[in-house]
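The structure under discussion appears below in the form of structure tokens.
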Amino acid sequence: MGGADLRQETAATEAIAEAGLGGDFGGPLFLASPPVEIGWNDRFALYATGSGASGYDRILDAASRLTDTAIEETTLFASIADRLADRFGATGIPVTLSTACASGATAIQLGVEAIRRGETDRALAIGADGSATAEALIRFSLLSALSTQNANPAKASKPFSKDRDGFVMSEGAAALVLESLDSAVARGATVLGILKGCGEKADDFHRTRSKPDGSPAIAAVSAALADAGIGADRIDYVNAHGTSTPENDKMEHLSLSTVFGERMKTLPISSNKSMIGHTLSAAGAIEAAFSLMTMREGVIPPTINHDNPDPAIELDVVPNVKRSADVATVLSNSFGFGGQNACLVLAREAG
Amino acid sequence: MAAEDVVITGIGLVSCLGEGADTHWSALASGALSPVVDTATFPPYSFHPLPEIDWNTQIPKRSDQRQMELWQRLGTYTAGLALDDAGIKADKDLLSRTDMIIAAGGGERDEAVDEAILAASETRDDRDMLLNEKLTTDLRPTLFLAQLSNLLAGNISIVHNVTGSSRTFMGEEGAGVAALATALSRIASGQSKITLVGGAFQSAYRSMILGHALGRHLHAGPWKPLWQRGDSEGGGMVPGSGGAFLVLESRSHAEDRGARIYARLAKVLAERTHAGNPDRAGTLGRLLDAALPGSDETLVISGASGARQALEAERAVFAARPGLRPRGMATGVGHLQEAQFPFAVALAALALDKSQAYPPFEAAEPASTAAPAAALATMVGHVSGEGVALVEREA
């Protein structure tokens, strides 16, 4: 079991224990995770044992001689979710999904939808990413998505700052037990928060850049508010996608300013990625957990490394120091390559 | 609120047999099925190659074509066929409200770069440095986007303007089952009005079939029809190249816009046999009995991959239910992984639209005697995941 597998299993074990559920989970599993591939160590090892021709022909030759087919599992996209489903007793075919850096939010949305359809009382939504390998790092670097301010790595992730220059890749996982309010109340569970609304909208402008008018992100935020049945005035805090790339932070500011108007200048918004980096497929789930904690603890986490504000981004980013606040409703944003936009509205209490 | 009927209003298909629903119907209903097999490229394995495709007809911009590798081009192309077939290709307003669930694996690697690294590994031990050097300098910067699973959906958004929502399910054959099951329940419950669902797979790259080779699933030696592969050399799977996309919508939505309806997608049941329980036949049997109780003659489009354990499970289930008329689609088009189940459902819908069952795809399959009123599609994933769809004829 690799590091990422362990992280998501640990996260799910914690979440199920906190939910007070024993035995089989008895609901569907939605796992947000990155695509899988055979690793370079295995490629090198196969190449060394194959004979004859070169390159992939030799690897295919080595594969045909394997007596142990365990290595196949590392190439199967279903294998991690399958193992988690067995471990926790999830029902149906576990869904492994990707909406790139919005994946964690999409996993939650799929769970919410299944519960709303009445198919299940509960769903397990996990976001996990352990893809910080050399090749993944190089791939993002070639797209100019990563910060190169390496002199002081702890200062490299600086969302909404003038000198932001990319994100910092990181690994992590979060698991959420989603349950219908009726079911949770009936069994006397502690309700950690309410998933009030989900919204999504795809962007057809470009593979890595947003439509210049921000309309898809605006539509995703608006859809989440509409799904929650509340107006923008009810949001007390925005948990930003805030990757620290020049493009994302500019577009997120534009989109939110359109939805929230003048109020956006004073509405607290912060980026967890300033402190934990960009956990990619896991980010939406981790940030949903942060959002729930923000409401429960009455503490807004700061955007750290905010030493050099961007004058073009007029936001209260809760700079550098956490803030005590009464937060009843949060908007959590997730945006990803491939035109993915998913937003969640979370509330402290039902109603 | 009563559940909405969900109907199939658009079909896009590509395989070694050609492209389009009509082409596939003609080839598979002819009684003289002649699959196209490439046995020369990866001996001792064979695969079904793509037909000749004029990409420009569905992906007009060369710049878009260049941004994709073969798998994404194929999926984007096939999705375009389905949108055309549904008559919504030019309806930008409707496309902006159309949801999308794609079943996807990963995209192609740059095999030349990989092979240069492997060659260098024969003379160098500093492999971390080697990877850093070669990958940093030799990888095409935008190749990553052609590899990312969710970028098939991303390209469909860009090329065809489908932007209601965009979700990508991963996980081999089960992803195709879950994508259809989710699309069906979302529309039936009113969470969506219209959804594009499907996937694509191509076998022309060694890196794309490596996983199947590592699992010892690939059929070796001379090509044979699906049900004859049980005791042949190798694992019994002949990979295919193609794609399948369906446009699903609520009956009221389809009728309001005067859409042509192929068939009704009545049920999609998804299960997964626990890894500790080898009884995949038991799971499939339960799903079949739940989807369509009774012993009437019923057409079944089997998505069997050919992988041995899964194939034997399906064979046993069909043998125990003599009313079933299984047609192993892999005999005609090979195994299309994530796209296999959507493809099987599309073939079932075509037969219902024509009110005619397919003749046997090989001698081992029993002939049909009646026009089908309903048809089943089955999937037993080559490693995991079981699914059954029930498709019903329109009155």
Side-chain angles (χ1 to χ4, degrees), chain A residues 35-38 40 43-44 47-48 54-60 63-64 66 69 71-72 75-79 81-83 85-86 92-100 106 110 113 116-117 119 134-135 138-143 200-208 216 336-340, chain B residues 42 67 100 105-106 111 114-115 118-119 121 127-128 131-132 135-136 139 141-142 144-145 147-151 153-154 157-158 161-172 174-175 177-178 182 185-186 189 191 206-207 210-211 213-216 270-272 274-276 383-385 387:
Chain A
V36 300
E37 280 188 291
I38 184 173
W40 270 106
R43 255 191 221 109
F44 284 131
Y47 188 74
S54 62
Y56 274 97
D57 285 329
R58 190 191 288 191
I59 288 184
L60 282 178
S64 73
L66 286 176
T69 57
I71 188 175
E72 180 200 16
T75 70
L76 292 172
F77 285 73
S79 64
D82 280 359
R83 225 180 309 143
D86 283 349
I93 291 185
V95 171
T96 306
L97 67 110
S98 175
T99 53
T106 302
L110 283 160
E113 286 182 350
R116 285 180 179 172
R117 291 194 297 263
E119 293 167 7
E135 184 160 2
I138 289 166
R139 284 163 163 172
F140 278 115
S141 156
L142 289 171
L143 289 174
E200 62 190 325
K201 179 70 184 170
D203 189 334
D204 58 8
F205 178 68
H206 187 268
R207 288 159 190 84
T208 58
F337 286 171
Q340 311 275 185
Chain B
F42 314 133
Q67 289 287 324
M100 175 162 52
E111 293 189 358
D114 286 354
E115 294 188 338
L118 291 168
S121 76
R127 289 180 176 163
D128 290 343
L131 284 175
N132 269 337
L135 294 173
T136 306
L139 278 184
T142 56
F144 185 24
L145 299 172
Q147 297 173 316
L148 278 173
S149 304
N150 74 302
L151 259 291
S157 290
I158 290 169
N161 309 110
V162 178
T163 58
S165 66
S166 165
R167 302 170 182 184
T168 296
F169 288 4
M170 307 180 296
E172 291 73 42
V177 176
T182 305
S185 3
R186 291 190 83 235
S189 69
Q191 289 172 344
R206 290 161 173 83
S207 55
L210 176 59
L214 291 167
R216 305 291 291 274
E271 255 314 321
R272 183 181 151 271
H274 193 288
V383 172
S384 81

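These numbers come from the heavy atoms of this one structure, side chains and all, not from hydrogens, waters or symmetry mates. Protein chains get the first letters and strands the later ones, always in sequence-line order, with residue 1 at the start of each.
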Got a salt bridge between B:Arg167 and A:Glu113, using NZ or NE/NH1/NH2 to carboxylate O under 4.0 Å?
yes
With a 4.5 angstrom heavy-atom cut-off, is it the side chain or the backbone of B:Ala175 that approaches chain A, or both, or neither?
neither
B:Leu139 versus chain A, the contacting section by heavy-atom distance below 4.5 Å:
both
Validation row: [X], [Y] side chains within 4.5 angstrom (heavy atoms):
| X | Y | result |
| --- | --- | --- |
| B:Phe169 | A:Thr96 | no |
| B:Leu131 | A:Glu135 | no |
| A:Glu72 | B:Val383 | yes |

Sorted by chain and residue number, the salt bridge (charged side-chain N to carboxylate O under 4.0 Å, His left out) partners of A:Arg116 (sequence neighbours excluded) come out as A:Asp227
Listed by chain and number, what are the side chain to side chain donor-acceptor pair (under 3.5 Å) partners of B:Ser121, not counting sequence neighbours?
none
A:Lys201 and B:Ser165: CA distance, side-chain angles, deciding distance, side-chain hydrogen bond (donor to acceptor under 3.5 Å, both in side chains) verdict
CA-CA 5 Å; A:Lys201 179 70 184 170; B:Ser165 66; over 6 Å; no
[atom1]/[X] to [atom2]/[Y] distance, rounded to the nearest 0.5 angstrom?
| X | Y | atom1 | atom2 | value |
| --- | --- | --- | --- | --- |
| B:Thr163 | A:Asp203 | OG1 | CG | 8.5 Å |
| A:Leu143 | B:Thr142 | CG | OG1 | 7.5 Å |
| A:Leu142 | B:Leu135 | CG | CG | 8.5 Å |

Any side-chain to backbone donor/acceptor pair from B:Glu115 onto A:Tyr56? Under 3.5 Å, distance only.
yes
Under a 3.5 Å threshold, yes or no: a donor from one side chain and an acceptor from the other, between A:Thr99 and B:Asn150?
no
Measure A:Ile138 against the heavy atoms of chain B and call it side chain, backbone, both or neither at under 4.5 Å.
side chain
